[in-house]
Amino acid sequence: MTLTALPETSGDRLPTIFSDEFRQETLALTKRLFIQLIRRPTTLIAGVLQPLMWLILFGALFRYAPEGFLGDGQTYIQFLAAGIIVFSAFSGALNSGLPVLFDREFGFLNRMLVAPLVSRFSIVLASAIFIITTSVIQTLVIIAASAVMGAGLPNAAGLGVVGLVLMLLVLGFTMLSLGLAFAMPGHQELLAFIFLVNLPLMFSSTALAPVAFMPTWLKWVACLNPLSFAIEPIRFVYSHRDWTWHSVVLTAPWGDMTLVGFVIELLIFVGLVAIAIRGVLRRGVA
């Protein structure tokens, strides 16, 4: 009697997050979000127009700023460009929890949770991919607009630094917003939080004015602001072609801060957010 091999069944192996099934599942959920965006592109358009208006209006308002106000012979458009680029990416990431929260309120999230998913982590990952992609689109438009308005562009290595810094910033605030989407009872509370922190974070950063222009207490706040962690490296590679990772980017109240130091601080910020929301996400998709 000969033995024949039994055909492999779905029960013979357990799909993992590295499986084809998981990738297909994540792709389908991501595609759904992009279909929603195509049908209602208002959010994407507003995400481009708002920072563009900031760039135009503030650029015109401080066009004739006193000589020496910015240092390094920069024009205000060159100084402002980094802040608006970061603000554009930050705003998109901070709003990333709203689609998930609307899915919760309309009951679609519950239907996904009871579906035979390979991993419920695909719900979170799809949202993160969608937000990071839309943030990149918005940011590229602002980078192009600022270049046309006279801010110029950094060299190829500088563009790499810009991409790295923005990726870390968007990742950190996307995770924060997704965590809040599962922790808060409804979209009104999340919108209130967004309105509460959006402009204060921008105005307490170095987006609109240099640290030297600030009172002492605001210098401390600005230098500890996560937005400043992204703004200052981008501004530095825009205005310095001969930068190195150990170049001094900013003189904070406690000492000099280097380019690599800002990247490390962004990594710490992302790590702290990931630790803070881990339990919330687990309960949210349980």
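We number each residue from 1, following the sequence as shown. For the numbers below, each heavy atom of this structure counts, side chains included, while hydrogens, waters and symmetry mates do not. If you're wondering where the values come from, they're calculated on a predicted model, not measured in any experiment.
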Step by step, would you call Leu227 with Phe173 a side chain to side chain contact (heavy atoms under 4.5 Å, CB included)?
CA-CA 10 Å; Leu227 296 189; Phe173 279 103; 4.2 Å; yes
Examine [X] and [Y] and state if one hydrophobic cluster contains both, with Ile, Leu, Val, Met, Phe, Trp and Tyr joined whenever side-chain heavy atoms are less than 4.5 Å apart.
X      : Y      : value
Leu49  : Phe58  : no
Val237 : Val170 : no
Leu27  : Val100 : no
Ile231 : Val136 : no
Met53  : Ile56  : no

Answer yes or no: is there a side-chain heavy-atom contact under 4.5 Å between [X] and [Y]?
X      : Y      : answer
Leu266 : Phe262 : no
Pro253 : Thr216 : no
Pro99  : Ser127 : no
Pro210 : Phe79  : yes
Trp245 : Val263 : yes
Thr206 : Met214 : yes

Looking only at heavy atoms, which two atoms of [X] and [Y] are closest? And how far apart?
X      : Y      : answer
Thr139 : Ser88  : N-OG, 4.0 Å
Gly97  : Ala181 : O-CB, 3.3 Å
Ile38  : Pro41  : O-CD, 3.7 Å

Which is it for Trp243 and Phe236 under the ring pair (Phe, Tyr, Trp, His ring centres under 6.0 Å) test, yes or no, and what are the steps along the way?
CA-CA 8 Å; Trp243 59 268; Phe236 190 81; 8.0 Å; no
Show the numbers, then the answer: is there a side chain to side chain donor-acceptor pair (under 3.5 Å) between Ser247 and Thr244?
CA-CA 5 Å; Ser247 299; Thr244 68; 3.1 Å; yes
Short side-chain to backbone donor-acceptor contact, [X] and [Y], under 3.5 Å:
X      : Y      : answer
Thr134 : Phe130 : yes
Thr26  : Phe22  : yes
Thr174 : Leu171 : no
Ser228 : Leu224 : no

What do the steps show when you test Met257 against Val249 for side chain to side chain contact (heavy atoms under 4.5 Å, CB included), and what is the final call?
CA-CA 6 Å; Met257 301 180 70; Val249 174; 5.7 Å; no
Output the rest of the hydrophobic cluster of Val248: all Ile, Leu, Val, Met, Phe, Trp and Tyr residues reachable through side-chain heavy-atom contacts under 4.5 Å, sorted by chain and number.
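Result for Val248 is none, singleton.
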Among Ile, Leu, Val, Met, Phe, Trp and Tyr joined by side-chain contacts under 4.5 Å, find the other residues sharing a cluster with Val141 and list them by chain and number.
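Members besides Val141, by chain and number: Val48.
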Measure the spacing between [atom1] of [X] and [atom2] of [Y] and express it to the nearest 0.5 Å.
X      : Y      : atom1 : atom2 : result
Met175 : Leu272 : CE    : CG    : 9.5 Å
Leu37  : Thr133 : CG    : OG1   : 10.0 Å
Leu168 : Phe229 : CG    : CZ    : 12.0 Å
Phe90  : Gln138 : CZ    : CD    : 13.0 Å
Ile132 : Ser96  : CD1   : OG    : 9.0 Å

With sequence neighbours excluded, tell me which residues meet ring pair (Phe, Tyr, Trp, His ring centres under 6.0 Å) with Tyr238.
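Per chain and number, Tyr238 pairs via ring pair (Phe, Tyr, Trp, His ring centres under 6.0 Å) with no residue.
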Please list all pairs meeting side-chain hydrogen bond (donor to acceptor under 3.5 Å, both in side chains) that have one or both residues in residues 252-280, counting only residues at least two apart or in different chains.
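Counting only pairs at least two positions apart or across chains, the side-chain hydrogen bond (donor to acceptor under 3.5 Å, both in side chains) contacts touching residues 252-280 are Thr251-Asp256.
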If we count only N and O atoms by modelled type, under 3.5 Å, do the side chains of Ser239 and Gln78 hold a donor and an acceptor together?
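No, because no side-chain N or O of Ser239 sits under 3.5 Å from a partner of the opposite role on Gln78.
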Would you mind writing out the side-chain donor-acceptor pairs for residues 191-204 within the sub-3.5 Å range, not counting sequence neighbours?
residue: Ser204; atom: OG; partner: Pro200; partner atom: O; Å: 2.7
residue: Ser204; atom: OG; partner: Leu201; partner atom: O; Å: 3.4
residue: Ser204; atom: OG; partner: Asn225; partner atom: ND2; Å: 3.1

Side-chain donor-acceptor pairs under 3.5 Å in residues 156-166, sequence neighbours left out?
none

